Amino acid sequence: MTVERDDVQPEETYDFRRLEAKWRPVWDELDPFDTSKFEDDRPRKYVLDMFPYPSGDLHMGHAEQYALGDAVARYWRHRGFQVLHPIGWDSFGLPAENAAIKRGGEPREWTYENIAQQRDSMRRYAASFDWNRVLHTSDPEYYKWNQWLFLKMYEKGLAYRKESSVNWDPVDQTVLANEQVLADGTSERSGAVVVKKKLTQWFLRITDYADRLLEDLDQLEGKWPHKVLTMQRNWIGRSYGADVEFAIEGRDEPVSVFTTRPDTLYGATFMVVAPDSDLAEELAAGASEETQQRFREYLTHTQQMGAIDRQNADRPKTGVFLERYGINPLDGSRLPIWTSDYVLADYGHGAIMAVPAHDQRDLDFARTFDLPIKIVVEPTEVEEGVEYDPAVTGVALAGDGQLINSEELNGLTKDDAIAKAIEILAERGTGRAAKNYRLRDWLISRQRYWGTPIPIVYDEADNEIPVPEEQLPVRLPDGEGLDLKPKGSSPLGAATEWKTVTLPDGSPATRDTDTMDTFVDSSWYFLRFLSPNNDAEPFDQEELKKWAPVDQYIGGVEHAILHLLYARFITKVLYDLGYVSFTEPFSALLNQGMVVLNGAKMSKSKGNFVKLGDELNEHGVDAVRTTMLFASPPEEDVDWADVSVSGSGKFLARAWRLAHDVTSEPGVDFTTGALELRRVTARILDEVPKLGETFKYNVIIARLMELTNATRKAIDGGVGAADPAVREAAETVAIMLDMFAPYVAEDMWQQLGHEPSVALVEWPTADPALLVEDSVTAIVQINGKVRDSFDVAPDIDEEEFKKLALETAGAQRNIEGKQVVKIIAKAPKFVNVVVKG
RNA sequence: GCCGGCUUGGCGGAAUGGUAGACGCGACGCACUCAAAAUGCGUUGUCCGUGAGGGCGUGUGGGUUCGAGUCCCACAGCCGGCACCA
């Protein structure tokens, strides 16, 4: 194959290697996507691809994402928009640190080498980025503004430090984010079972924004994938109910519990507190020595249990009676207080009222420890003779019904009783309506080196002192000489010189040695792209007005919750601080599917893997990009075993040859061209913009294949290569193909006698006259079944149309001997004859 | 358990309530070739029929409609999210 290539004239045949080598330097020189060049009145679009983490070179997943994002950006350019399409790197993070530990050297070197490699690959991939706006989150010029953001939030009380229970990896000796804990409770990297550990850490008060984060999702309906909206709603997890105060015997202060079912208050027969809560410890302290001992053992057992073990609802219920009692605020009954690990310390108040008849978990617990079960809601639909008593069936009655054994609530339905119970509690001052969230505050401290230093110092009394804004950035010290190995505290603790500072009054202080979660970096980077080199402010207000918010965001569904939730949160914070005028960062979101192989996620270790480099070398950039988008609609997964990259290559070669064969001159009058081919071109010019709006690139490519085939037929058939319609069609193919195969498109454009770049050429609009056909094919149905068809003029009159339909052989055959009941006709499309007999 | 989504040929997929299967892959046949590759042309939902033509067909069952892949109801299967969250 390679041998033969030398034998043929290179210009006569499609050769992706030649095209790639030819056009890359031209584009580098032209820099066609430099947004600053366009100071005109065209409408603007901000098209953003989620920026990559620089772990090695680009892989198939990147190829899919950037093929898609680039098609979107190129689409809008061809539609006459100024398009901002920037790229940068999410370049802080643990993999760089691990690579440095493993192979020596510095996280910095590893990171920037990978960035250089990925940047080269992206340029080869012909992604239409504005290369003048590149940012790296690990640059001090960037993370300075993370620190600025942190200080602004600290001023507003939105950043705070507290002791809490966090995910701890005992092998790597570091905290882990929730997303780094696998479903089986092990660390995704070390494989160790993750445990909970109490540490003092920095948090961002995202729970203050829970309602807005939830309610503003409604604005995004139809613009974001429904799936993502649902996932965010689940994650925030708002539930309505009541806070109820229970007096505690031998304690001055009452204990609050949250319940979604205040209607079942009369059915409460005991209380449960989380073993790892402060309350449990305090209550246990008032119990007998033996019980205190049992409590301590139980607490230890709970703390040692993995996070996932604890969440396993199938586990038998365990617990310890604390020998203390609470008082039901409605009926004054005495409720024994237990502790059990099915109650979580950090949800609600870490304590519950247990209603075993109407809550499955409470019922399981009551049956295990032989506690009373009192029915207070009679189920609505009770079948005669069917046992429904939870004490017997073991199934709690969670549904609707009529209240019984509940004094003033008796006879009410569930919903009415909830309202009434809240009213009574409020009157007596022992409770109130309340809501609770699954969402927790965002823990941003990390015991890692390769991240943004937290701009706080501590005086000798451990008071927090924010670093003054003018002293930012707090630069990360050189990693050289620092021990990055996991040891349970941040590597920055060993940077003595860096860590030690002197306060204005001369007293000594130390820096916070943790770094920020890298999700902080990515929560606002889309704003930094507007003015990445501005060192006076995080983002330029004028650029902000021009471009923000992001019109179209494109990325994988794996970020459906964390990144997108954090970015939405920070945007709302910036809105409240007066820095931006919008409350949602991404007006529209598109999730691309994954590239899989034989139905399974690609995995190097399992040998189930396709190397992007191999595909590019064998088939070329254009064929790979086209294959990615032709395989299916963008949100679906692409199974590389089901696609044909060489098939895409064949199509591109056919398209390229069209331009090569055209013999008419540029600027020739298309209106004198062959009508039939012109109609095909017009139809596609008319259809493709609509398809582009809904990202149906697979269909657009199919249309371009049709147009290519039709043009080929015209050239080889009677029309001939010199016909203006052939040039019109070939130019249309070239312009549209630019969305998927920029090298082929650019070369075709040149072959057709035009200057680069085709990427900046606006699509012609279809001549409406060409969209009207001379004749259309009408179908004839008898009782809804297609029996014949006939050609008619599109403006045929209804009566004439019906008459012609009834005259067709198919109609005659099927009507014969039957009675015509009704004729439904829509000229010139179809006729349906309803017959009987 | 709760919530969301999906289900169309051998495969990926297409189809404003109006000819289901566009376009492509694969397969088969033909041309070119000593042969193969490449390229081109043709066939390709399924069953009956030599043919003309006809029956069946978009997970299953029902409904609305002159007409349903498309709208409504129920069910099944698959995928995803959340889950001892009170």
Side-chain angles (χ1 to χ4, degrees), chain A residues 1 4 13 225-239 241-242 244 257-261 264 271-272 274 310-315 317 340-344 346-355 358-362 364-365 398 436-440 557 560-561 626-627 630-633 635-648 650-651 653-654 657 690-691 696 698-709 712 716 777-789 809-810 813-814 821-826 829-835:
Chain A
M1 201 178 159
E4 286 167 26
T13 181
H226 197 257
K227 184 181 172 181
V228 175
L229 297 177
T230 305
M231 284 167 73
Q232 293 228 348
R233 289 185 180 116
N234 281 345
W235 187 266
I236 296 166
R238 182 167 70 184
S239 51
V244 185
V257 305
F258 174 73
T259 177
T260 54
R261 296 292 304 275
T264 62
M271 297 175 72
V272 187
R310 181 164 176 180
Q311 279 166 27
N312 178 12
D314 297 336
R315 236 163 11 96
K317 292 281 181 288
S340 173
D341 59 15
Y342 83 89
V343 174
L344 307 176
D346 57 357
Y347 183 79
H349 304 285
I352 63 157
M353 67 175 207
V355 185
H358 304 291
D359 182 286
Q360 191 60 46
R361 296 153 301 180
D362 297 344
D364 294 342
F365 192 84
N436 238 303
Y437 306 90
R438 207 191 141 274
L439 181 71
R440 305 290 148 80
V557 76
I561 296 167
T626 304
T627 301
F630 183 54
S632 59
E635 56 276 6
E636 298 297 320
D637 288 351
V638 175
D639 193 328
W640 210 246
D642 291 338
V643 302
S644 167
V645 192
S646 58
S648 300
K650 277 186 218 171
F651 158 61
R654 282 166 62 82
R657 257 181 277 126
K690 296 170 196 160
L691 292 167
K696 293 192 173 177
N698 56 330
V699 184
I700 295 182
I701 293 169
R703 295 293 173 263
L704 292 180
M705 287 172 171
E706 287 176 46
L707 183 55
T708 301
N709 293 343
R712 183 82 258 157
D716 294 347
T777 304
I779 55 160
V780 182
Q781 296 178 345
I782 308 298
N783 285 348
K785 285 187 187 292
V786 179
R787 295 303 180 186
D788 213 329
S789 65
R813 199 169 48 237
N814 287 281
V821 178
K822 195 173 175 185
I823 299 173
I824 298 123
K826 247 187 213 171
K829 296 284 285 182
F830 77 93
V831 176
N832 188 15
V833 184
V834 184
V835 298

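A quick note: this is a predicted structure, and the numbers were derived from the prediction, not measured. Labels below follow one simple rule: chain letters A, B, ... track the order of the sequence lines, proteins then strands, and each chain is numbered from 1.
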Side-chain N or O of [X] less than 4.0 angstrom from OP1 or OP2 on [N]?
{"X": "A/R654", "N": "B/rG40", "result": "yes"}
{"X": "A/R233", "N": "B/rC82", "result": "no"}
{"X": "A/N698", "N": "B/rA14", "result": "yes"}
{"X": "A/S239", "N": "B/rA86", "result": "yes"}
{"X": "A/K822", "N": "B/rC66", "result": "yes"}
{"X": "A/R438", "N": "B/rC82", "result": "no"}

Under 3.5 Å, is there any donor-acceptor pair linking the side chain of A/Q360 to the base of B/rG1? no
For [X], report the nucleic acid contact type (base, sugar-phosphate, nothing); a contact means any heavy atom under 4.0 Å.
{"X": "A/K696", "value": "sugar-phosphate"}
{"X": "A/S789", "value": "nothing"}
{"X": "A/E706", "value": "sugar-phosphate"}
{"X": "A/F630", "value": "base"}
{"X": "A/V786", "value": "sugar-phosphate"}
{"X": "A/N832", "value": "base"}
{"X": "A/R712", "value": "nothing"}
{"X": "A/R238", "value": "nothing"}

Quantified in whole Å, what is the [atom1] atom distance between nucleotide [N] and nucleotide [M]?
{"N": "B/rC28", "M": "B/rU19", "atom1": "C1'", "result": "27 Å"}
{"N": "B/rA74", "M": "B/rG81", "atom1": "C1'", "result": "25 Å"}
{"N": "B/rC75", "M": "B/rG5", "atom1": "P", "result": "16 Å"}
{"N": "B/rG4", "M": "B/rU65", "atom1": "C1'", "result": "30 Å"}
{"N": "B/rC30", "M": "B/rG18", "atom1": "C1'", "result": "38 Å"}
{"N": "B/rG40", "M": "B/rC25", "atom1": "P", "result": "10 Å"}
{"N": "B/rU70", "M": "B/rA15", "atom1": "P", "result": "15 Å"}
{"N": "B/rU16", "M": "B/rG53", "atom1": "P", "result": "29 Å"}

What is the separation between atom [atom1] on [X] and atom [atom2] on [N], rounded to the nearest whole Å?
{"X": "A/K826", "N": "B/rC66", "atom1": "NZ", "atom2": "P", "result": "13 Å"}
{"X": "A/I700", "N": "B/rG13", "atom1": "CD1", "atom2": "P", "result": "17 Å"}
{"X": "A/R787", "N": "B/rG67", "atom1": "CZ", "atom2": "C1'", "result": "13 Å"}
{"X": "A/L344", "N": "B/rA86", "atom1": "CG", "atom2": "C1'", "result": "9 Å"}
{"X": "A/L439", "N": "B/rG81", "atom1": "CG", "atom2": "P", "result": "19 Å"}
{"X": "A/L229", "N": "B/rC82", "atom1": "CG", "atom2": "C1'", "result": "15 Å"}
{"X": "A/K690", "N": "B/rA14", "atom1": "NZ", "atom2": "C1'", "result": "16 Å"}
{"X": "A/D637", "N": "B/rC78", "atom1": "CG", "atom2": "P", "result": "18 Å"}

Step-by-step side-chain hydrogen bond (donor to acceptor under 3.5 Å, both in side chains) determination, A/N234 to A/R438: CA-CA 8 Å; A/N234 281 345; A/R438 207 191 141 274; over 6 Å; no
Under a 3.5 Å cut-off for both contacts, is [N] paired Watson-Crick or G-U wobble with anything, and if yes, with which nucleotide?
{"N": "B/rG80", "answer": "B/rC3"}
{"N": "B/rC28", "answer": "B/rG42"}
{"N": "B/rG53", "answer": "B/rC48"}
{"N": "B/rG69", "answer": "none"}

Is there a donor-acceptor pair under 3.5 Å between the side chain of A/D359 and the backbone N or O of A/A354? no
Nearest of [options] to any side-chain atom of [X]?
{"X": "A/I352", "options": "B/rA14, B/rG12, B/rA86", "value": "B/rA86"}
{"X": "A/A702", "options": "B/rC23, B/rG12, B/rC82", "value": "B/rC23"}
{"X": "A/T777", "options": "B/rA14, B/rU19, B/rG18", "value": "B/rU19"}
{"X": "A/N709", "options": "B/rG24, B/rA15, B/rG4", "value": "B/rG24"}
{"X": "A/Y347", "options": "B/rA83, B/rG13, B/rA86", "value": "B/rA86"}
{"X": "A/I561", "options": "B/rG55, B/rC66, B/rC82", "value": "B/rC82"}
{"X": "A/T260", "options": "B/rA86, B/rG80, B/rC25", "value": "B/rA86"}
{"X": "A/K317", "options": "B/rA83, B/rG13, B/rC84", "value": "B/rC84"}
{"X": "A/R813", "options": "B/rA14, B/rG53, B/rA86", "value": "B/rG53"}
{"X": "A/N234", "options": "B/rA14, B/rG12, B/rG81", "value": "B/rG81"}

Do the ring planes of A/Y342 and A/F365 sit parallel (below 30°), tilted (30 to 60°) or perpendicular (above 60°)? tilted
